[in-house]
Number of protein chains: 2
Amino acid sequence: MDERKQRVLQAVVQDYIESAEPVGSRTIARRHDLGVSPATIRNEMADLEMLGYLEHIHTSSGRIPSSKGYRFYVDGLMQPTRLTDEEKTQIDRWYRARVKRIEEVFQETARLISHVTKNVALVLAPQMTKSAFRCLQFLPLDDRRSVAVLMTDAGFIENRIVAMPSGASFEDFQRMARVINDCLAGCTLDAIPKAAYRKIRSEISDEELYEAALDVISRALDDREGRNRLYLGGTREILSQPEFRDVERVKEILLMLEEEELLKEILSAHLGDGLRVTIGQENDYKGIQDCSIVTATYHLDGELLGTIAVLGPTRMEYGKAMSLLGYMNEHLSDVVRRLGWQG
Amino acid sequence: MDERKQRVLQAVVQDYIESAEPVGSRTIARRHDLGVSPATIRNEMADLEMLGYLEHIHTSSGRIPSSKGYRFYVDGLMQPTRLTDEEKTQIDRWYRARVKRIEEVFQETARLISHVTKNVALVLAPQMTKSAFRCLQFLPLDDRRSVAVLMTDAGFIENRIVAMPSGASFEDFQRMARVINDCLAGCTLDAIPKAAYRKIRSEISDEELYEAALDVISRALDDREGRNRLYLGGTREILSQPEFRDVERVKEILLMLEEEELLKEILSAHLGDGLRVTIGQENDYKGIQDCSIVTATYHLDGELLGTIAVLGPTRMEYGKAMSLLGYMNEHLSDVVRRLGWQG
DNA sequence: TGTTAGCACTCAGGGGCGTCGAGTGCTAAC
DNA sequence: GTTAGCACTCGACGCCCCTGAGTGCTAACA
């Protein structure tokens, strides 16, 4: 593919991303200074179509890029946009104004990304269960209940009200906490060894108390990892995309966005790959083969925390999405650290 | 208004709620057994229009109810639907499956209501600041930070990571907690008297430590009462309403739903009124004068907790919305109590 | 006097049709 | 290899007409 073809392809993709209308040869001749006439561009476009980079609804409608065309554009033609300092400070201000607690980071990140890109944003939060147990403490609530507070090395803090078995005192609970802290020290929450349970069993003789202890642990665990782990943003933003002009189309994608398991699967498939773009038919899942996904994984001190992604029509501002996610990539760690994650 | 007119009005409202199409005289004659011909019904409908209960887009389109018409229907004609036992157990199951922590009750309630009614649901959660301070405890995190856990009488538990001033030890923090617990005992969080602050000041000599104490208190306070207090559900459900067939209309209402302050204002206006219906033009806010709102306030042991509401087009299944909210009214207390709210 | 049948009238929605404009593909000339 | 020219295609738009649902009015009926 010679250079002129590439410039034509680039022109088509850029114009189509901007206008959402099929692009014709004259438009390109007018708006891009290629130094050749529409007729020549037409010839080039016909070639590009033969090569599979462009598509045609019918004769006499302009061209639109194919998945392959977008792919070539993203890999080679696109000039990477950089966030301006102003944009960066805006992002900073967003977090400072809205995020008060570590738990809110993920939802707000999703909101921010969707707001900037006008597409759906997905944030796969780190699994609490992947982080190491730090300590469990009890606080007295009243004579029959107390509050269990579980902390992990990653900085998660989880609280629960637990009923105390009749006859048990708050001191029993504190003793139980000491036992649990001893036995679970350093375990990651998703892989508590059987031995730890046996040890707890042997140290807590009272049956009811032992049950309560297990209850505390399991309830602390089963919370975050379920449906709370995926955060969505921008289901309203996409209404401004011309692709979603008719409500049926919107309903379709919203329905899909409700299937959390599916989304997690899609995101998990990209885990650990750094910044990655999946375009149109490259998607395995049929329902989004007219969409593209840009994913990035974010880290803290070298450890993988989770994935953030932008999901939108293939006609997406890839440069913008990628630079934003790229920045987030680095920036999220700072936010997380500032809010008390353990450094 | 004689009985036949009422029966005609009822027929028009019911049919229109069901079909979302203007209702004609023949349709009514066919579908409702009024014992008179379409011509007679036409005459009655003309009268009802004169009286302001029905409206006309143009000659020769069927009638649709006016706000006044809906009002008459809701107040007198509508047969109140009751939730079946099956529906009740479904609601119960919903909560048991999805709500693990008290904080999730509100979001899930919004989801449930919107799911059942296919309209937007709003849940105004109780203000944490309205409940009384119970106690503040610290847990050690590492050598420079600790976790503050604040509990209120209503059962809210709030945790925060706070930095310890250099030189301060965890024991200092525990002492501080004792002072604060003494001074704030019984205060409601939105009305901490100046005297309490003075007392804390006098007991904590270290300047930095005092600042940290204030920080803990204020941070615990400013959290829940802000944007976290209103929960929304069903922004996707409304897409299935024919009123929102065109995207512009959807965008309009979604935009409005983002204005939390406005929504809170609207809901707050209904606080304490029990079950209440506001129809179309009865709404003060212009943007929703083609919508209706059904609100209900929920209580626990006689104390007002918050408001739940259904927002949808005037063509709404009032009976269903009202019976659902009515049931929630009673039921929410149970859920809340089960999850550890103080009884 | 209330009810009904009949009839003229109205209006939205849908199909058919011609026009316009943007765009292509092909060919011949440069 | 590039370009101008030209025939062709197709969607969008506006126009017209038809149809069907519905009304309002009037006159006849019980």
Under a plain distance cut-off of 3.5 Å, with no hydrogens placed, do E237(A) and N119(A) share a side-chain donor-acceptor pair? no

Which atom pair, heavy atoms only, marks the closest approach of Q6(B) to M1(B)? NE2-O, 3.5 Å

Nearest heavy-atom approach of G234(A) to V120(A) is O-CG2, 4.1 Å

Contacts to DNA chain D from residues 28-58 of chain A, heavy-atom cutoff under 4.0 Å, which residues? V36(A), S37(A), A39(A), T40(A), R42(A), N43(A), H58(A)

Please check if the distance between the ring centroids of Y70(B) and Y318(B) is under 6.0 Å. yes

If you compare all heavy atoms of V294(A) against all heavy atoms of A321(A), which two are closest, and at what distance to 0.1 Å? CG2-CB, 4.1 Å

Where does DNA chain C form stems of at least three consecutive Watson-Crick or G-U wobble pairs, each pair having both distances below 3.5 Å? C:1-30 with D:1-30

Heavy-atom pair with the smallest gap, counting every atom of R63(A) and A46(A): NH2-CA, 3.6 Å

Side-chain N or O of S25(B) closer than 4.0 Å to phosphate OP1/OP2 of dT23(D): yes

The nucleotide from dT24(C), dT10(C), dG22(D) with an atom nearest the side chain of S60(A) is dT24(C)

Figure out the CD/C1' separation between E21(B) and dG22(D), and round it to whole Å. 13 Å

Round to a whole Å and report the spacing from CD of E3(A) to P of dG1(D). 17 Å

Mind calculating the distance between CZ (R26(B)) and P (dG24(D)) to the nearest angstrom? 17 Å

Within less than 4.0 Å of OP1 or OP2 of dT2(D), is there a side-chain N or O belonging to R4(A)? yes

Phosphate oxygens OP1/OP2 of dG22(D): is one of them under 4.0 Å from a side-chain N or O of T27(B)? yes

Main-chain N/O of Y53(A) paired to S66(A) side chain as donor or acceptor, under 3.5 Å: yes

Shortest non-hydrogen separation from A121(A) to S114(A) and the atoms involved: CB-N, 3.7 Å

